[in-house]
Each structure stands twice: as structure tokens, then as C-alpha cells.
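Residue numbers begin at 1 in each chain, while the letters A, B, ... track the order of the sequences. These values consider heavy atoms only, across backbone and side chains, with no hydrogens, waters or symmetry-generated copies.
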Amino acid sequence: MKIGYPCINRTLECKANRTFRLKSYSESKLVEKVENNLNCLDKILKYNIKNNILFFRITSDIVPFASHPICKYNWQKNFRDKFEKIGDVIKNNNIRISMHPDQFIVLNSKNKDVVNRSIDELIYHTEILDLMRLDATAKIQLHVGGAYDDKEKSLDRFVKVYNNLNENIKKRLVIENDDKIFSFKHCIYLYEKTKVPILFDFLHHRVFNNGESIRKVLELQRLTWKKNDGLPMVDYSLQKPNFRPGSHAEKINIKDFQNFLKITYPFDIDIMLEIKDKENSAIKAIELAKKDNRFLT
DNA sequence: TCACGTCAAGCAGAT
DNA sequence: ATCTGCTTGACGTGA
């Protein structure tokens, strides 16, 4: 079991998601931002290692506009060494990595351009992880997409597009249940058609489910991850009181997390804490897991 | 230095 | 029709 947090560290001064406006695009600006982002990613990883945080989601903003036609710069070649060095830090310290392309990536869109641009984004995410020379345990997590008032057709479109993706993408892509359109059950349907592993989002499931117990979900989920995929990943969050269902809490709630550890026992999973105060909650969660005698490696 | 309008991209649901 | 949220607020112009 590993426990981690996504994208941003609130203790360190630097940010690995610096970007800029398309209007002010220039190659020098791109280079400046990528340099900043990679240096900061390196600092965050070292902070995490010091604090025994061995799971981290890398922001999609590492290389701004990477999949946009405006970008002609060969960042893959020119930053290869830096990517490799960061990859070495990750591998030498046995860190688990994920990425989460944002909401604009819709593989089952009815619009062919959207699908093509989405695939370009997946290629970009894949390139980042490949440049770091990470194995297939480094995952790219994606929601299934839009429903367009006909979920069955949407799911079938997803299957068709997925089957035509190249193996480099497929070996990293996992799908996640969302909080209003495609539940865990829909993900199982897609797994049966495509063998795509399922990343289980605990809060989304609380908001939108088909009555399955957590134990049942974890049993099913485990079957969707092959040995090469590493431990199943689970996103954990907590409802922010008095906000719309699914909104993320500001900080960890000890009782709720202890309960989560209890109901997920004895499944060995890697837990991504989607909580606003990031590394602070991760550090607390790791302490709680240790107290609970969970095996943290 | 700071306020604040705006930012590459899709979709659903609320207002 | 327009706004908001989503994994995450930050950019950058103008005063």
C-alpha cells in the first residue's frame, strides 16, 4: 500500500504546473515553463521521499500546449535528460506515479475532432511517462466521457476508440468511475469488452452507485489489474460538508479515513487522496495506516 | 503591487 | 442562454 496526493504541493514554494496563455505563446516561454516545472517536480518528489509519500500524481501541465498545433518545439528531445533523471529518482525510490488528463479529453465524444485531440493528449501523457522510462505500473486515469442521453451507444463508442489505440497508450490507460454518468458498473462493462483496468473512486461511488458493497467492488476491481499493472489504484476523498455532492473536503477526517482503511482491509491498494490540503493530509493518512498495521511499501 | 477579467480544450446539470 | 464544476487556480493586463 502506498498513499499519495495529486499534482500540487502546498508546503514548497514552487509549482510544477506553471503555464501561460495561448495568446502569448513563444518557444522561449515554453522552454522557461518546462524547465521550471521539471525542476519543481524534482523538488516535490524529493520532499515526498523525505516524508515517505510514495504515490504521486503528476500534473498534466508539465509541458503546456504539448498537444496543441501551435507547439512545434521538440521538448521530447531537448528535455530528454531531465526526464530521465526524474525517472531515476522515481524508480530508485520505488514511487508510484499516475496522471489524470483533464475534462476535455473525451474518447467517446460524438465529435471526431474531439476524439482525435483527446488521443493527442493521451499520446502526450504517454510520452511523459515513457521519457521517464517508467514501466506499465505508471497509469493514466480517465473518465469514460459523455452520455449524450444514450449511455449504451456512448459505451460502445468508447470500446471502438479504445480498441484502435496503440499499445503504448493501452498499457497505461485506466478508467475511473465518475459521480454522475458512468458508475463502477459501467466500468465493469467496459472492462469486459476491452480489459481496461478500473481505477476505483471511493467518493464518486458514494455519490453514484448500484448498491455494490465496497468489498464487492474491490474484489471485482482487483481482477481488472494484471500483474504488470501494479497494485490497483483507488482515489479517496471525503464529501465537503454543505457543498454539492462530490465536492472535495479541505482536510482529512481521521475517523472517516480510519473507517476507509477498515472497510478496504485486507485489499492491498495504492490510495490517492484527493483532498485540498494535499501533502498535509497525505502525511496524516500515512500515520493512520501505520497505526492500522497496513504494510506500507 | 495588486485587482480582477480571463484562460486550449467538453460535457452535464443548475440557474 | 448562461454559468459552474471538474483532478488543480494562475496568468497577465491595466491601473
Measure all distances between protein nitrogen or oxygen atoms and nitrogen or oxygen atoms of nucleotides 12-14 of chain B, and list the pairs falling under 3.5 Å.
{"residue": "B:dA12", "atom": "OP1", "partner": "A:A147", "partner atom": "N", "Å": "2.9"}
{"residue": "B:dA12", "atom": "OP1", "partner": "A:Y148", "partner atom": "N", "Å": "2.6"}

Every protein N/O within reach of nucleotides 2-4 of chain B N/O, cut-off under 3.5 Å:
none

Pairing string, 5' to 3', for DNA chain B - Watson-Crick or wobble contacts under 3.5 Å, brackets [ ] where pairs cross, | to another strand: |||||||..||||||
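Scanning for ring-ring contact (aromatic ring centres under 6.0 Å, His included) contacts around A:F79 gives an empty result, with sequence neighbours left out.
Screening A:D135, A:D130, A:T126, A:T137 against A:R172 for a side-chain hydrogen bond (donor to acceptor under 3.5 Å, both in side chains) leaves a single residue, A:D130. When the options A:D235, A:D256, A:D179 are evaluated for a salt bridge (Lys or Arg N to Asp or Glu O under 4.0 Å) with A:R206, the one that passes is A:D256.
Whole-Å rounding puts the A:K23 NZ to B:dC7 C1' distance at 9 Å. Atoms NE2 (A:H100) and C1' (B:dA9) sit 15 Å apart, rounded to a whole Å. Regarding A:K112, its NZ atom lies at a distance of 17 Å from the P atom of B:dG10, rounded to whole Å.
Residue pairs meeting the ring pair (Phe, Tyr, Trp, His ring centres under 6.0 Å) criterion with at least one member in residues 110-139 of chain A, sequence neighbours excluded: A:W75-A:Y124.
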Base versus backbone protein contacts along nucleotides 9-15 of chain C [heavy-atom cut-off under 4.0 Å; B, S, -]: SBBS---
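Between A:F104 and B:dA9, a base-stacking contact is recorded: ring centres under 5.5 Å apart, planes less than 30° from parallel.
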